[in-house]
Amino acid sequence: MTIDGIGVLRAPAEQQYAAELAALAAADDRPRPPNWRLSPQAVVTYVLGGTLPDGTVLAPKYVGDRRLVEIAVATLVTDRALLLVGVPGTAKSWLSEHLAAAVSGDSTLMVQGTAGTSEESVRYGWNYARLIAEGPSEAALVPSPVLRAMRTGAVARVEELTRMPAEVQDSFITILSEKALPVPELGQQVQAVPGFTVIATANDRDRGVNQMSSALARRFNTVVLPPPATEDAEVAIVSARAAQLGRALELPAEPPALDEVRRVVRIFRELRNGSTVDGRTQLKRPSGSLSTAEAISVVTGGMALAAHFGDGRIGADELAAGLAGAVVRDRVSDDAAWREYLETVVRERAEWRDLYQACRDVPTGGA
Amino acid sequence: MSRVTLLGIRHHGPGSARMVVAALDALRPKVVLVEGPPEADPLVAHLAGLTPPVALLLHDEAAPETAAFWPFAAFSPEWQALRWAAAHGVPARFADLPASVTLAEPDGPRPRAAIDPLGLLAEAAGFDDPERWWEDVVEQHREADPLGLAGAVAEAMTALREEFADEIDDRTLRREAAMRQAVRQACRDTDGPVAVVCGAWHVPALAHLPPASADAALVRGLPRRRVSGTWVPWSHGRLARDSGAAGYGAGVAAPGWYAHLWDSAAARAAAARGNDTATRDGDNGDTAARDGDAATHDGDTAAHDGNAAARNDDAAAHSDDAATHDGNTAAPGNGTAAHGNGAPRNGSLAAGDDTVPRWFARACQLLRAEDLPVSTASAVDAVRLADALAALRGRPSPGLAEVTDAALAVLCGGDELPLRLVHERLVVGEQLGTVGPDVPQSPLAADLVATQRRLRLRADTGTRQLRLDLRRDNDRARGTLLRRLRVLDVPWGRPEDVARLGTFAEAWQVRWDPGFAVAVAAAARHGSTVASAAERVLGRRAAGAARVAEAADVLGEAVNCELPGAVAAARAALDRCAAAATDTVELLGALPALAGTVRYGSVRDTDPELLRTALHGLLARGAVGLPLACRGIDDAAAERLLAALDGAHEAAGLAADPAHQAVWRQALARVLDAPNAHGLPAGRATRLLWEALVLDADAVAARLRRAVTAGAGTGASAFVAGFLRGSAALLAEDPQLFGLVDGWLTGLSAREFADTLPLLRRAVAEFSTAERRMLGERVGAAGGPEGAGPAWDEGRAARLAAEVRRLLATAGSTGGGRG
C-alpha cells in the first residue's frame with residue numbers, strides 16, 4: 001500500500017487507497033451511474049475487499065455484513081440519502097468516508113455536526129467584504145461543502161447529524177427532496193447535478209442528541225451498523241487496523257501479537273455485554289461505549305509505548321495503561337466496575353496473570 | 001416412453017407452479033400424475049369446493065391419531081396440476097408409496113431425500129442460498145419455454161443423481177418404484193400423453209422404466225393398513241412451520257411472499273387474456289380461485305383497519321404513484337437527479353408488473369394500521385431501493401431478500417421490530433383455507449363446523465382474547481364448546497385465570513391450529529357430535545377413576561361441559577370412590593373442586609342440589625374420619641392434612657347446607673379432644689372454631705395453655721404453628737391472645753425455645769411483610785403481656801373513623817348497584 005499523502009498525519013481515503021481505486025476503475029466494465037467513479041458493484045468490492053482479475057488485492061475496509069453494504073450502495077444509486085446509525089465506534093464515519101471516496105473520488109466534502117453548527121455551514125455563507133463592496137453576487141457567495149457537492153454531483157458527508165440543532169438539520173429537507181437549494185439573495189437556485197447525494201451518520205446512544213424530525217427522517221434510508229458479531233471478527237478488525245495505523249504513524253514496533261489483541265477484544269466485549277464469554281459471571285457495565293474503535297486505539301497506544309519506552313513488542317504492561325483509560329470514563333462508578341472485573345475475571349484466568357499484575361499497578365484515580 | 005413428460009418441481013414453488021401450468025397447457029396430457037399418496041385419489045373429486053391453503057389428511061383407521069398431512073397452497077405446483085386436470089376433465093392421480101406404508105413406518109412419516117439436491121446445484125452455481133438460486137433460475141423465469149425448462153431441470157438432476165447415486169436411501173428408492181408403477185398404470189390406461197409432476201430429485205429415476213417385476217419386488221411386503229382421509233383447511237403460518245415435517249416435507253419459509261408472487265402473476269396473465277375471447281375453462285377456474293383468495297385476505301385486513309375498500313383504493317394509488325414517479329426519474333433532462341438510470345433497469349417496474357409496488361403498498365397498509373408512520377412516498381422509495389439492490393446483486397428482479405432489505409432501510413428506519421411485524425403478517429401471512437360442505441368429513445367434524453357457525457366463533461389462526469358472560473346463552477354455549485373440545489384433546493381455547501372474574505364470567509385465549517384436524521379426526525370414533533364424543537370420553541374417564549380426586553375432576557368437567565350423562569356417570573364414580581376411600585386426606589382434598597363445581601352448577605344446566613348431595617356425602621365421610629386421621633402421624637403427613645383441612649373448611653362454608661356445616665364443626669371439635677392428635681391440625685381446628693365463634697377467647701387460651709403444658713415441647717410448638725399460620729391480624733388485634741402467646745414463649749426454657757424457633761419461624765414467615773411489621777410494632781409497643789397500647793389520640797381517631805365511614809358508604813353504594 002502506498003501512502004500518497006506524505007507529510008500529513010492522515011490522508012483522506014481516496015489518497016490512501018488511490019492505487020486500489022485506480023485498479024478497480026480500470027477493471028470495472030459495468031455501467032456507472034452519472035458522475036460515479038465506479039460502478040455500484042465495484043464500490044461494494046472496494047468496501048468489502050477482494051482480488052481483481054489483474055491480481056490487485058483490495059484490503060477490506062469494512063468487516064461485516066455484506067447485505068448492509070449492498071443496501072448502502074443501492075441507496076446511493078437511487079437518489080436517496082443514506083443515514084448510517086449505530087453506537088459510537090461501529091465504523092459509521094469510516095464507512096461513510098470510504099463510500100464517498102469510492103463513489104465520487106472525494107471524501108472531503110464534509111460537514112461536522114455539533115451543537116454550534118450553523119445553517120451557513122449547511123447551505124452557504126457570504127464573503128462579507130465582497131458582499132458589502134459589491135452587493136450580493138455569485139462571487140461573494142461562500143458555498144458550503146454540501147453546495148459544492150450539489151454543483152459537482154458528488155457525495156456530501158454529514159457527520160453526527162443529530163448533534164446539530166434541529167432547525168439546522170431541517171435545512172436538509174429541501175436539499176434532499178427538491179435536489180435544489182434556493183439562493184433568494186441572488187434570485188436563483190442551485191440545482192444538484194446527477195451524482196449528488198448525502199451520507200449522514202448519527203449516534204443512537206449518546207445523550208445530548210437532537211432527534212430528527214420525521215419529515216427529515218423519511219428522506220433517509222437508514223442502515224443500522226451493529227457492533228462486530230463475533231470475537232474473531234472483532235479481533236481481525238482490531239489487529240488489521242492497528243497494524244495499518246502503526247505503519248502510518250511510522251512506529252518502530254512489531255505489529256501486535258494476535259494473543260494480545262484477543263485479550264483486549266475479549267475484555268471489551270465482556271464489559272460491553274455485561275457478562276463473561278462463558279456466560280457464567282454477571283459484570284457491571286462501565287458507562288463508556290467500549291467500541292471497536294477504542295480497542296484499536298488501546299492497541300496502537302500500546303504499540304507506541306512498546307516502540308518508544310519498551311522492547312518494541314507489545315505486552316501486558318503496554319496494554320494496561322490504555323485499558324484502564326478506555327474503561328474508566330467515570331471516576332467513581334467505572335472504577336468500581338473495572339476493579340471488580342479485574343478481581344473476579346482477570347485474576348481467575350491463569351494465563352492472564354501478567355495482565356492482572358500490570359493493571360493493578362495502574363492508578364485509575366477512583367480508589 | 002416419449003409420451004410421458006416429467007415435470008420436476010420444487011414443492012411449493014410458485015415459479016414451478018407457473019412452469020407446470022404452462023407445460024400442461026402445451027402438452028394437453030390425458031392423465032396427470034402428482035406426487036402424493038394414492039389413497040387420496042378419491043378425494044381429488046372434491047377439488048372444486050376447496051380454497052387453498054388446504055391439506056390432505058390421511059390417517060390410520062385403526063389408530064386415527066397416526067396421521068400425516070400433505071399441504072397445498074394456491075402456489076403449489078401440485079395444486080395447480082390438480083386444478084388443471086379438474087378443469088380439463090382429465091383424470092389426476094397421486095403417485096407415491098401408499099400412505100398406509102408411510103404411516104406404518106416406525107418413526108412416522110419422514111421428509112424426502114437426505115441430501116439436498118438444490119443446495120448442491122446452487123453451490124455449483126456460486127449461490128450461497130439454494131432457495132435464491134432456484135428462485136433466480138426457475139421461479140423468476142417468466143417467459144421461457146416451460147417444456148425446455150423442465151428438460152433443463154431434468155438434465156441437472158440426472159447429473160446430480162449420478163454423482164450421488166450411493167447416497168440415495170432405500171426409502172427413496174421404494175417411493176420411486178411406486179411412482180414408476182403409477183406411471184406404467186397410467187400408460188396402460190391411455191394412449192395419449194401423460195404428465196408427471198414430482199419433486200425434481202425424482203425425475204431421473206422416472207425417466208427410464210425398468211422391468212415392472214423389479215419395481216414390484218421393491219415394494220412387496222411393505223406393511224399395510226387401512227387408511228382414510230379428507231381435506232382440511234390449512235394456513236400459511238402452518239405451512240411456514242412445517243419445514244421438514246410430514247408429507248411433502250419441504251415447507252416454505254415465506255408462504256405469504258410466494259402467494260403474493262403467484263397472485264401477481266395470475267393477475268398479469270388475466271390482464272393479458274383480457275381481450276382473448278376464447279377463454280378456457282381452466283383459466284376461469286384459476287382466476288376464480290385467486291379472487292377467492294383475495295377476498296379472504298381483504299376480510300382479514302378489514303379486521304385491522306375496518307375499511308377494505310379504502311385499502312384497495314390506496315393500493316391502486318400507490319402503484320400508480322410508483323409508476324408516475326419512475327416515469328419522472330427516467331425522463332431525460334428532468335431536474336431531479338436520475339441516478340437510477342445508471343443501473344441496468346430490468347427491475348420490478350417493467351411494464352404491467354406491479355408485484356413489488358403492490359407488496360410495499362401492502363406493507364405500508366400494515367405498518368400504518370399499527371400506527372407507524374409510513375407514507376406513500378416511502379413506498380415509492382422502497383420500490384426503487386429494491387430495484388437498485390436487485391441490479392446491484394445481479395438478480396433479474398427483486399426477490400424476498402431485496403424487498404426485506406428495502407423495507408428495513410426505508411419503511412422501518414433500520415428498526416428490526418416493525419420488520420418482524422411485516423415478516424409475521426406479510427411474509428408468512430395468516431391466510432386460512434376453507435373446505436366446502438361437500439367434502440367428506442367425519443360427522444363430528446361436520447358438527448364442529450356447524451356449531452362454530454351457529455355460535456359465530458370463527459376458527460382464527462391468530463391468538464385472540466375471548467370474554468364470555470355466562471348469563472348470555474350464546475356465550476355460555478361458546479364456553480361449553482371450548483371445554484368439550486378440550487376434553488377431546490383439541491385445545492382451541494385456553495382458559496385464563498377464572499377465579500378472579502366471578503361466577504358469571506370466563507376469559508379464554510383462543511387460537512385455532514389447522515393441525516387440530518388430527519385430534520378432530522381421532523375424536524370421531526367417540527361419537528358423531530362434539531357433545532356425544534365428549535360425553536363418551538368423560539364417561540370412560542369416570543368409569544376408570546380410582547381416586548376421589550379424579551372422580552371429582554371428571555365431575556367438574558362434566559358439569560362445565562353441560563353433559564348430563566357424564567355428570568351422572570361421574571357422580572356414580574364419585575360415590576364409588578368415596579365408599580372405597582380410606583384416606584381422609586383424599587376425601588377432603590376433593591372437596592374444594594367440588595365446591596367450585598356446585599357454585600358453577602347454578603350457572604350451567606345442572607341441578608345444584610344433585611352436586612350438593614355429593615358434596616355432603618364426601619363431607620360427612622371426611623368428618624367422620626378426621627379425628628382419627630389426626631392421630632399418630634408425622635409432620636409431613638400433618639402438613640398434608642392441614643392443607644386438606646383448610647380447603648375442606650372453606651368448601652364447607654361455601655357450598656354445604658347449615659346442617660352439614662354443623663357436622664363439620666363437630667368434627668373439628670372432636671379433633672381437639674382426640675388423644676395423641678398431631679399439634680398442627682389440632683391448633684388449626686382450634687383457630688377455625690374460634691373464627692366460627694364456637695370457641696371464645698377464654699376457651700382458646702385454655703387450650704393453648706393445655707397444649708403447652710401437656711406437650712413435651714415439640715407437640716406444643718406444632719400446635720402453636722397450626723394455630724398461628726395465617727393469623728397475623730388476629731394476633732395483633734386480640735390482646736388476650738397476644739398475651740397468651742407471649743406468656744407461653746417467655747415461659748419456655750432456653751432449650752425448648754431453641755427447639756420451637758424453627759416452627760415458629762415457619763409460621764411467621766408465611767405472614768406478609770406488612771403483617772410482620774404490624775406484629776413487630778405490636779410487640780415493641782406492648783411492653784408487657786397486658787400492656788396498654790400507645791397513647792390514644794382522640795382527634796386522629798375521629799378523622800380516621802370518618803374516612804373509614806366514607807369509604808364504607810362508597811363501597812356499599814357501588815356494591816348495592818352491582819348486587
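First the proteins, then the strands, lettered A, B, ... as listed; each starts at 1.
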Salt bridge flag under 4.0 Å for residues Asp405(B) and Arg393(B):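 Counted as a salt bridge, because a side-chain N and a carboxylate O are separated by less than 4.0 Å.
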Pair Asp79(A) + Arg384(B), salt bridge at N-O below 4.0 Å: yes
Whether over 12 other heavy atoms sit under 6.0 Å from Arg30(A) CZ: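 Atom CZ in Arg30(A) is not packed in, count stays at 12 or less.
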Arg219(A) atom CZ, neighbour heavy-atom count above 12 within 6.0 Å: yes
Heavy-atom closest pair, residues Gln169(A) and Asn210(A): NE2-O, 3.1 Å
Segment of Thr75(A) engaging chain B (4.5 angstrom heavy-atom cut-off): both
Region of Val43(A) that comes under 4.5 Å of a non-hydrogen atom in chain B: neither
Residues of residues 410-419 of chain B near chain A, each having a heavy atom less than 4.5 Å away: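 Listed by number: Val410(B), Gly413(B), Gly414(B).
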Check: Asp28(A) side chain, Leu24(A) main-chain N or O, donor-acceptor pair, under 3.5 Å: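 Not a single qualifying donor-acceptor pair exists.
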His98(A): which of Tyr17(A), Tyr62(A), Tyr46(A) passes side-chain hydrogen bond (donor to acceptor under 3.5 Å, both in side chains):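 Among the candidates, only Tyr46(A) passes.
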Contact winner vs chain B - Val224(A), Val44(A), Thr222(A), heavy-atom pairs under 4.5 Å: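 Top count of heavy-atom pairs under 4.5 Å with chain B: Thr222(A).
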